[in-house]
Structures are given as C-alpha cells and as structure tokens.
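Comments concern the structure below.
Letters A, B, ... mirror the listed sequences (proteins, then strands); counts begin at 1.
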Amino acid sequence: GDSVTQMEGPVTLSEEAFLTINCTYTATGYPSLFWYVQYPGEGLQLLLKATKADDKGSNKGFEATYRKETTSFHLEKGSVQVSDSAVYFCALTLSGYSTLTFGKGTMLLVSP
Amino acid sequence: DTAVSQTPKYLVTQMGNDKSIKCEQNLGHDTMYWYKQDSKKFLKIMFSYNNKELIINETVPNRFSPKSPDKAHLNLHINSLELGDSAVYFCASSQNLAGETQYFGPGTRLLVL
C-alpha cells in the first residue's frame, strides 16, 4: 500500500541552523505531496505542497522539491527559529482521492 | 470565524461510557474526515464523508459511529469506551473528494480512565 517514511526525531538545532527533514514515499499512482506542521497543543496546518514531479513547494522560508526519481520530498529551511519548534508531518494523497496518508512525524526542537 | 471547530477540546471519561465529539466547518466544503492521533503522534484516517455520505471507513471498530446531519457537520460517537481509545481526534475538511488541501480542527483530547 501507499506509505510515507520520515526520519525519526527529535531533531535538535540551534537557532539559525540549517534544517533538513527527510521524507520518502511509496505510492501506486502519482501522488500529491504535503508537509503539515503541528505546533504544541494545536491542530495540523498545511505548510506547503507539490502536486507533480519537480514542483517546489515553499512557505515561511521552508521549501521541499518533489523528486520522482528518488521518491522524496525533503523539507528544508536555511535558518530555523525557536518558533519553528513543532512536529512536522510529510503526507501524500493520490490523484482524485483526498485521504491523506501521513508519515509518523518528526519533532523539531530549536534552542536559542 | 474558526474554519474547522471541534467540541469539546478535552474529554476525560471512564471505561465503558459513551461519548460524542462534534465537528463543524464553515468553509463550504463537501468532504469531511476524522483522524486519530495516538500517543506517539501517529495520525491515521478513520472516516471520510462526502455530502453526508460515508466514503471511507478504515477498519475502525463499530463502537465508533460517525454521523453527518449536513455537509457542514460530522460528529463522532463512541460507545463502550476502552483505554486504547485515549488519543487526540482531529476533524478535517476539504473542498471535495479530489480537493487536496485539508483543513484541520484543533483536536479533541480524549482520556479514558
């Protein structure tokens, strides 16, 4: 079946460090790919998405590129802030079928 | 003007009780969902509804019964609560079945004692 694999956390960084959270997927069709973020005590918010190969999603300084050849959608940010501390979920949906399949989430902790 | 709202935010109850969680969206979306997040933060789809019709039921025990009185509401009723039901339950909505972006509610934290 379809699945999403994320690197395990927590990822602990100092403010202004470079962030990468790895995400790879397995899907039978041509998925759309998403990153959702969950701040402490809150629900999930869409961070960015990409709907086809080579698309780059970006938002709030975060970026991820849909790589079909490596089935990956790694999340990056050049300079993290304390306020970026949250759990990040990589997810996919298949075309015409909107149910999200999530990875297990990666906790990011940023210290001053 | 909250887009997707859930009540209650917290729910503490005894094993064997029956409880309901309510969800409302004011986005005009056709499709709504329930997800369960366990203690390890893993999120899994439970149900999806489109225009009040059940579309997906992901091997959830039949103690869980969703009800959609109209397309803006999707409630979740749980009978005979068990310890393993303790989790955070998230409601979400999307424009339609092909709508890719889902909007999540703040979650309901259920603790079964």
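Taking hydrophobic clusters as Ile, Leu, Val, Met, Phe, Trp and Tyr residues chained together by side-chain heavy-atom distances below 4.5 Å, B:Val4 does not share a cluster with B:Leu97. A chain of hydrophobic side-chain contacts below 4.5 Å, direct or via other Ile, Leu, Val, Met, Phe, Trp or Tyr residues, connects A:Phe73 to A:Ile21. Linking Ile, Leu, Val, Met, Phe, Trp and Tyr residues whenever their side-chain heavy atoms come within less than 4.5 Å places A:Val37 and A:Leu75 in a single cluster. B:Val112 and B:Phe90 fall into different hydrophobic clusters, defined by Ile, Leu, Val, Met, Phe, Trp and Tyr side-chain heavy atoms under 4.5 Å apart, directly or through other members. If you chain together hydrophobic residues whose side chains sit under 4.5 Å apart, B:Ile78 and B:Tyr10 never meet in one group.
With a 4.5 Å cut-off on non-hydrogen atoms, B:Gln6 does not touch chain A at all. A:Leu44 touches chain B through backbone and side chain together, each having a heavy atom under 4.5 Å away. A:Lys49 touches chain B through its side chain: at least one heavy atom from C-beta onward sits under 4.5 Å away, while N, CA, C and O do not. Residue contact with chain A, scored on non-hydrogen atoms closer than 4.5 Å, involves the backbone of B:Lys40 exclusively. Contacts between B:Ile45 and chain A at a heavy-atom distance below 4.5 Å involve the side chain alone, from C-beta outward. Contact annotation for A:Thr101: neither backbone nor side-chain heavy atoms come within less than 4.5 Å of a heavy atom of chain B.
For A:Phe89 against B:Lys41, the heavy-atom pair with the smallest separation is CE2-O, 3.2 Å. Scanning all heavy atoms of the two residues, the minimum distance from B:Phe104 to A:Phe102 falls at CZ-CZ, 3.7 Å. Annotation for A:Lys104 and B:Phe42: closest pair CG-CD1, 3.6 Å, computed over non-hydrogen atoms.
To the nearest 0.5 Å, atom CD of residue B:Gln37 and atom CD of residue A:Gln38 are 4.5 Å apart.
No more than 12 heavy atoms of other residues, nucleotides or ligands shown are found within 6.0 angstrom of OH on B:Tyr103. Residue A:Glu69 places its CD atom among more than 12 non-hydrogen atoms of other residues, nucleotides or ligands, all under 6.0 Å distant. Within 6.0 Å of atom CD in A:Glu42, more than 12 heavy atoms from other residues, nucleotides or ligands are found, so the atom counts as buried in its surroundings.
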Is there a side-chain contact (heavy atoms from CB on, under 4.5 Å) between B:Leu43 and A:Leu100? Walk through the geometry before answering. CA-CA 9 Å; B:Leu43 271 158; A:Leu100 286 161; over 6 Å; no
